[in-house]
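Structure, as structure tokens:
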Amino acid sequence: IEPEIRLSQHLPLLERLLDVVRCLVETHCRPGVEYHLFVLLLSLISYAGDKSNIQDRAETVLGGLATSSSSDSGLDDLFVSHSRRLLDDLKERHSIWIASSPERHLFDVLLTRARGDAARLIVAESLDVLESGLRVDGGDPETKLRCETNFGEKGKTEA
């Protein structure tokens with residue numbers, strides 16, 4: 001998904017993609033594809049923006065994915081199961097993120113949506129990403145500000 005998809009004229013495309021993912025979750029969810037559906041749903045949440053109901057609908061489908069998976073604790077277990085792998089994928093290029101980087105938006109969603117054990121795991125595993133985002137010497141200022149905001153929000157939620 002390209003950053004341009006965040007533009008409002010692409011909302012119908014995001015809605016169709018969400019419908020396809022919902023159908024896959026309902027009919028073909030298997031352990032081999034569960035991670036990819038998880039990442040795709042978080043990506044849809046990150047790209048949808050605040051002006052549509054796509055975020056809410058994607059959250060509902062994410063709940064369905066948690067229910068259809070083998071986890072007993074639902075969404076928290078889904079995040080615990082897949083967050084480390086997603087963080088590893090995101091960490092590969094975190095040093096070159098800018099404000100419009102799709103990976104940065106995905107990281108934001110991962111960091112702000114996780115709760116409980118998943119949140120503790122994500123914060124512990126992403127300290128180097130947060131640290132590099134907070135460095136004063138270079139980097140994108142908006143990314144630095146967003147890392148500060150995310151870290152502050154997560155600290156309040158977990159306190």
Side-chain angles (χ1 to χ4, degrees), residues 1-7 10-98 100-130 132-133 143 146-147 149-151 153-155 157-158:
I1 298 178
E2 298 297 323
E4 293 81 26
I5 288 182
R6 293 184 65 197
L7 299 174
H10 295 290
L11 288 177
L13 176 63
L14 292 175
E15 289 171 354
R16 299 274 297 158
L17 182 57
L18 181 58
D19 288 339
V20 169
V21 173
R22 182 186 48 78
C23 288
L24 288 171
V25 167
E26 291 173 356
T27 60
H28 293 90
C29 186
R30 293 184 178 88
V33 297
E34 186 179 277
Y35 169 76
H36 300 289
L37 294 173
F38 174 75
V39 172
L40 186 53
L41 285 166
L42 292 183
S43 297
L44 284 169
I45 291 169
S46 74
Y47 292 127
D50 300 333
K51 297 181 180 174
S52 73
N53 68 345
I54 292 176
Q55 286 186 349
D56 293 336
R57 289 179 54 214
E59 291 273 357
T60 302
V61 176
L62 197 58
L65 180 61
T67 302
S68 69
S69 72
S70 58
S71 73
D72 295 329
S73 299
L75 208 49
D76 288 345
D77 276 355
L78 186 69
F79 271 85
V80 168
S81 297
H82 300 301
S83 294
R84 181 168 280 134
R85 180 176 171 189
L86 178 53
L87 280 170
D88 287 344
D89 291 346
L90 292 173
K91 282 187 205 180
E92 289 180 17
R93 296 173 34 104
H94 78 273
S95 62
I96 59 170
W97 289 351
I98 58 170
S100 62
S101 296
E103 296 90 352
R104 198 217 65 178
H105 293 284
L106 185 55
F107 178 74
D108 287 352
V109 169
L110 183 64
L111 192 62
T112 57
R113 294 294 200 276
R115 303 286 179 258
D117 289 339
R120 285 185 281 284
L121 169 77
I122 291 167
V123 169
E125 292 288 323
S126 60
L127 286 176
D128 54 337
V129 175
L130 291 168
S132 75
T143 301
R146 188 65 190 159
C147 282
T149 303
N150 280 342
F151 193 67
E153 287 173 6
K154 190 49 67 181
T157 341
E158 294 303 310

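Scope of the values below: all heavy atoms of this structure, side chains included, with no hydrogens, waters or symmetry mates.
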### Query
Which atom pair, heavy atoms only, marks the closest approach of L37 to L24?
CD2-CD1, 4.1 Å
### Query
Which atoms form the tightest heavy-atom contact between V109 and S46, and what is the distance?
CG2-CB, 3.4 Å
### Query
Should V25 and E34 be marked as a side-chain contact (heavy atoms from CB on, under 4.5 Å) after you check the CA-CA gap, both sets of side-chain angles, and the distance that decides it?
CA-CA 8 Å; V25 167; E34 186 179 277; over 6 Å; no
### Message
Any non-hydrogen side-chain atom of V123 less than 4.5 Å from a side-chain atom of L111?
### Response
yes
## Note on the structure
Interatomic distance, CG@L42 vs CZ@R113, rounded to 0.5 Å, equals 8.5 Å
### Task
Using the test side-chain hydrogen bond (donor to acceptor under 3.5 Å, both in side chains), find all partners of R85 that sit at least two apart in sequence or belong to another chain.
none
### Task
Would you check if L18 and L41 make a side-chain contact, meaning some heavy-atom pair closer than 4.5 Å?
yes
### Query
Is R57 close to D19 at the side-chain level, that is, under 4.5 Å between some pair of heavy atoms?
yes
### Message
If you define the side chain from C-beta out and look only at heavy atoms, does anything of L106 sit under 4.5 Å from Y47?
### Response
no
### Query
Which heavy atom of S83 sits nearest a heavy atom of I122, and at what distance?
OG-CD1, 3.4 Å
### Task
For the residue pair F38 and F79, categorise the inter-ring angle as parallel (less than 30°), tilted (30 to 60°) or perpendicular (more than 60°).
perpendicular
### Query
At what distance, to the nearest 0.5 angstrom, does CG of L87 lie from CZ of F107?
6.5 Å
### Message
Check this for me: does any side-chain nitrogen of one of R104 and D108 sit under 4.0 Å from a carboxylate oxygen of the other?
### Response
yes
### For E15, all residues meeting salt bridge (Lys or Arg N to Asp or Glu O under 4.0 Å), sequence neighbours excluded
none
### Message
Within the structure provided, determine whether D76 and D117 are in side-chain contact (heavy-atom separation under 4.5 Å).
### Response
no
#### Entry: E103 side chain vs L90 backbone, donor-acceptor pair below 3.5 Å
no
### Message
Using side-chain contact (heavy atoms from CB on, under 4.5 Å), reason through L40 and Y35 one step at a time and then give a plain yes or no.
### Response
CA-CA 9 Å; L40 186 53; Y35 169 76; over 6 Å; no
### Summary
A66 and L75 have their tightest heavy-atom pair at CB-N, 3.6 Å
